[in-house]
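Computed over heavy atoms, backbone and side chain alike; hydrogens, waters and symmetry mates excluded.
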Amino acid sequence: MGAKTGLLVYADGDVPDLLRQAGAADPARTSALLRRLYPGREIEEGTGSSLRNGVYPPDGTVYAACRPGLEIVCDREVMVDFPSQLPEHLVAASAGRRLVLHAMHSVVDWFAFAVWEDGRLVRSLSLSPDDGIIENIGEPLPFELPYWAGNRPADVIPWPDEEEEEEEEPYPLPFHPLELGEDALRALFGFVLEGRPERDDIDAGAVELHGFRVRDAGGTGPAEREAELRQAMEAVGPPRFYTLGPDGSLTRRDSL
């Protein structure tokens with residue numbers, strides 16, 4: 001499993017139902033949404049994406065869409081270990097609505113999600129094999145129950161060099177966070193990124209997202225940081241190679 005997500009959705013009702021409704025994203029409303037959610041930031045319009053491909057944007061990029069009754073924001077900054085500590089202004093923007101967070105990183109098997117109703121946190125869960133259960137607030141939602149009941153144990157296939165070990169250590173959690181993460185995507189948003197799609201799943205690739213470059217006012221963005229790194233490497237010059245002589249002295253060589 002290789003999915004990564006940083007997904008935040010504001011909704012006037014059931015998210016999957018709203019996503020199934022026809023209608024393109026409104027560019028002007030989407031731009032206004034970004035300026036409300038990122039006060040004091042410099043925001044420039046960029047290349048867009050889709051809900052399937054844009055749930056884990058590049059650093060410094062935000063994908064978003066305003067549709068009737070629904071606002072979607074994809075941003076790495078919402079991937080917080082403690083969902084209950086999501087910045088207050090992001091939660092405040094959900095007054096009178098439902099707010100759903102989904103964050104997942106396959107490299108470390110980390111998954112987190114949270115649901116707010118009218119600004120009140122009703123469920124939050126964050127866990128990974130390295131850190132265990134990081135946060136667990138509220139009652140489990142229906143899609144979680146088979147996991148907590150032990151019906152979805154982690155099925156981890158060892159690497160080839162690990163198969164010869166006499167004893168394989170059990171997975172640190174009773175279930176795999178990424179498997180729960182995919183079920184959470186389907187239950188909360190109506191689609192999955194990996195695994196076998198079901199008949200009623202939403203085609204996330206057909207959900208349009210507008211792209212924005214977001215950076216601190218007066219600060220540097222990813223492109224500027226990359227340029228600075230490139231300039232620093234050029235200033236260092238080509239690598240230098242030396243040979244250690246019998247007397248301990250170093251003699252420079254032109255190449256390896």
Pairs satisfying side-chain hydrogen bond (donor to acceptor under 3.5 Å, both in side chains), at least one member in residues 197-209, at least two apart: Arg186-Asp201
Mind listing the closest non-hydrogen atom pair of Cys74 and Val55 along with its distance? SG-CA, 3.8 Å
Test of ring centre spacing under 6.0 Å for Phe189 and Phe113: no
Apply side-chain contact (heavy atoms from CB on, under 4.5 Å) to Arg213 and list each qualifying residue two or more places apart in sequence or on a separate chain. Glu44
Using the test side-chain hydrogen bond (donor to acceptor under 3.5 Å, both in side chains), find all partners of His102 that sit at least two apart in sequence or belong to another chain. Thr5
For Asp131, side-chain hydrogen bond (donor to acceptor under 3.5 Å, both in side chains) partners two or more places apart: none
Does this structure show an ion pair linking Arg152 with Glu182, if we count only N-O contacts that are shorter than 4.0 Å? no
Polar contact flag, side-chain donor to acceptor under 3.5 angstrom, Arg98-Ser94: no
Pairwise distance OG(Ser126) to CH2(Trp110) - rounded to 0.5 angstrom: 5.5 Å
Look at Asp26 together with Arg67 and state whether they make a salt bridge at an N to O cut-off of under 4.0 Å. no
Tightest non-hydrogen contact, residues Ala65 and Leu209, listed as CB-CD2, 3.7 Å
Applying ring pair (Phe, Tyr, Trp, His ring centres under 6.0 Å) to Tyr147 and not counting sequence neighbours gives Phe175
For the hydrophobic clusters of this structure (ILVMFWY residues joined by side-chain heavy atoms under 4.5 Å, transitively), does one cluster hold both Val78 and Ile137? yes
Kindly write out the residues that satisfy ring pair (Phe, Tyr, Trp, His ring centres under 6.0 Å) with Phe212, not counting sequence neighbours, or none if the list is empty. none
Look only at the side chain of Arg76 and the backbone of Tyr56, and say whether a donor-acceptor pair between them is shorter than 3.5 Å. no
Identify whether Leu99 and Phe82 are in the same connected component of the hydrophobic contact network (ILVMFWY, side-chain heavy atoms under 4.5 Å). no
Looking only at heavy atoms, the pair that brings Val15 and Leu188 closest together is CB-O, 3.3 Å
